[in-house]
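Keep in mind it's a predicted model, so treat the numbers as computed, not measured.
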Amino acid sequence: MTELRPGVILDRDATLIDVVRDEETGTVQVAFHPKQIRLMPGVLGGLAALADAGFVLAIATNQPGPAKGQISVAAVERTNRALVAMLAEHGIEIAAVEVCMHHPRGGPGGVSELVRACDCRKPQPGLLLSALRRLRLDPARSFMIGDSPGDVLAARAAGIGAALVFSPHRCELCPQRHGPTARPDLMGAQFDEVVAAILAATLR
Ligand SMILES: [Mg+2]
Ligand SMILES: [Zn+2]
């Protein structure tokens, strides 16, 4: 029987890559085309440091766009593949990409099979549990890095450490607004600072 490995499960939007802001309309949406991928500050260095320290890397992302009729399933998959390829070009291997495309209420023109309650949409732990199982990760030595209370709650429910990229400039995502259950174990203003906190906590 092979030994379980430590892993870090990564949220995608506003953790690894930036959201897309339309200055004209003032709207914010997630990247739905490879050309829209912009890595967040500190991501490349942070991921390399995690890989060097022996962490297996995976992505767990909610993408309800297809259920809401906003983005096609193919666009979500193409964008995810492009992100994984971009990271691979920098020598960073993503071992698994877990995606929830469900949404409980959906939206006009949404893919009807995706409009339903599920057990994978974060804050539920389904995506994380799937990554832990598929990659044979040790929950006691694994973390989720995200930017939202849903990521923290999913990490808690999956029994892994919860680490939050939390910029004080993004108050709409204030974890404190969601009460003490969404309080992370570790926090940093930028991705590589969160990674440094994980490494400090695990190499002790
Ligand atoms: Mg996010
Ligand atoms: Zn789901």
Got a second to check how far Glu3's CD is from Arg5's CZ, nearest 0.5 Å? 11.0 Å
Can you give me every donor-acceptor pair (side chain of residues 188-200, partner residue at least two apart or in another chain, under 3.5 Å) with its distance?
{"from": "Gln190", "atom 1": "NE2", "to": "Asp192", "atom 2": "OD1", "distance (Å)": "3.0"}
{"from": "Glu193", "atom 1": "OE1", "to": "Ala189", "atom 2": "N", "distance (Å)": "3.3"}

Can I get a per-line list of side-chain donor-acceptor pairs under 3.5 Å for residues 57-66, giving both atom names and the distance, sequence neighbours left out?
{"from": "Thr61", "atom 1": "OG1", "to": "Gln63", "atom 2": "NE2", "distance (Å)": "2.7"}
{"from": "Asn62", "atom 1": "OD1", "to": "Lys122", "atom 2": "N", "distance (Å)": "3.0"}
{"from": "Asn62", "atom 1": "ND2", "to": "Lys122", "atom 2": "O", "distance (Å)": "3.0"}
{"from": "Gln63", "atom 1": "NE2", "to": "Asp13", "atom 2": "OD2", "distance (Å)": "2.8"}

Lys/Arg N to Asp/Glu carboxylate O, Glu98 vs Arg134, below 4.0 Å: yes
For the pair Asp11 and Leu16, evaluate side chain to side chain contact (heavy atoms under 4.5 Å, CB included) and give the outcome as yes or no after the intermediate values. CA-CA 7 Å; Asp11 171 54; Leu16 292 180; over 6 Å; no
Pair up each side-chain donor or acceptor in residues 34-55 with any protein partner under 3.5 Å, not counting sequence neighbours, and list the distances.
{"from": "Gln36", "atom 1": "OE1", "to": "Phe32", "atom 2": "N", "distance (Å)": "2.7"}
{"from": "Gln36", "atom 1": "OE1", "to": "His33", "atom 2": "N", "distance (Å)": "3.0"}
{"from": "Arg38", "atom 1": "NH1", "to": "Lys35", "atom 2": "O", "distance (Å)": "2.9"}

Inter- and intrachain pairs under side chain to side chain donor-acceptor pair (under 3.5 Å), touching residues 78-97, at least two apart: Arg12-Asn80
Tell me, with the steps shown, if Val111 and Lys68 meet side chain to side chain contact (heavy atoms under 4.5 Å, CB included). CA-CA 7 Å; Val111 180; Lys68 292 178 172 179; over 6 Å; no
Do the charged groups of Asp151 and Arg156 touch, with an N to O distance under 4.0 Å? no
Contacts table for residues 99-108: side-chain donor-acceptor under 3.5 angstrom, sequence neighbours left out:
{"from": "His102", "atom 1": "NE2", "to": "Arg116", "atom 2": "NH2", "distance (Å)": "3.2"}
{"from": "His103", "atom 1": "ND1", "to": "Arg105", "atom 2": "N", "distance (Å)": "3.1"}
{"from": "His103", "atom 1": "ND1", "to": "Gly106", "atom 2": "N", "distance (Å)": "3.1"}

Find the distance between CD (Glu77) and CD1 (Ile71) and round it off to the nearest 0.5 Å. 12.5 Å
Does Leu83 form a side chain to side chain contact (heavy atoms under 4.5 Å, CB included) with Val97? I'd like the steps, not just the answer. CA-CA 10 Å; Leu83 172 59; Val97 180; over 6 Å; no
Within the distance-only criterion (no hydrogens, no angle test), does the side chain of Thr15 pair as donor or acceptor with the backbone N or O of Asp147 below 3.5 angstrom? yes
Could you walk me through whether Leu186 and Leu164 pass side chain to side chain contact (heavy atoms under 4.5 Å, CB included), step by step? CA-CA 6 Å; Leu186 300 164; Leu164 192 71; over 6 Å; no
Distance (rounded to the nearest 0.5 Å) between Asp138 CG and Arg136 CZ: 10.5 Å
Hydrophobic side-chain clustering at under 4.5 Å (ILVMFWY, transitive links): who's grouped with Leu127? Put none if nobody. Ile9, Val56, Leu128, Leu129, Leu132, Leu135, Leu137, Met144, Ile160
Where is the tightest heavy-atom contact between Ala154 and Pro125, given as atom of each residue plus distance? O-CB, 3.9 Å
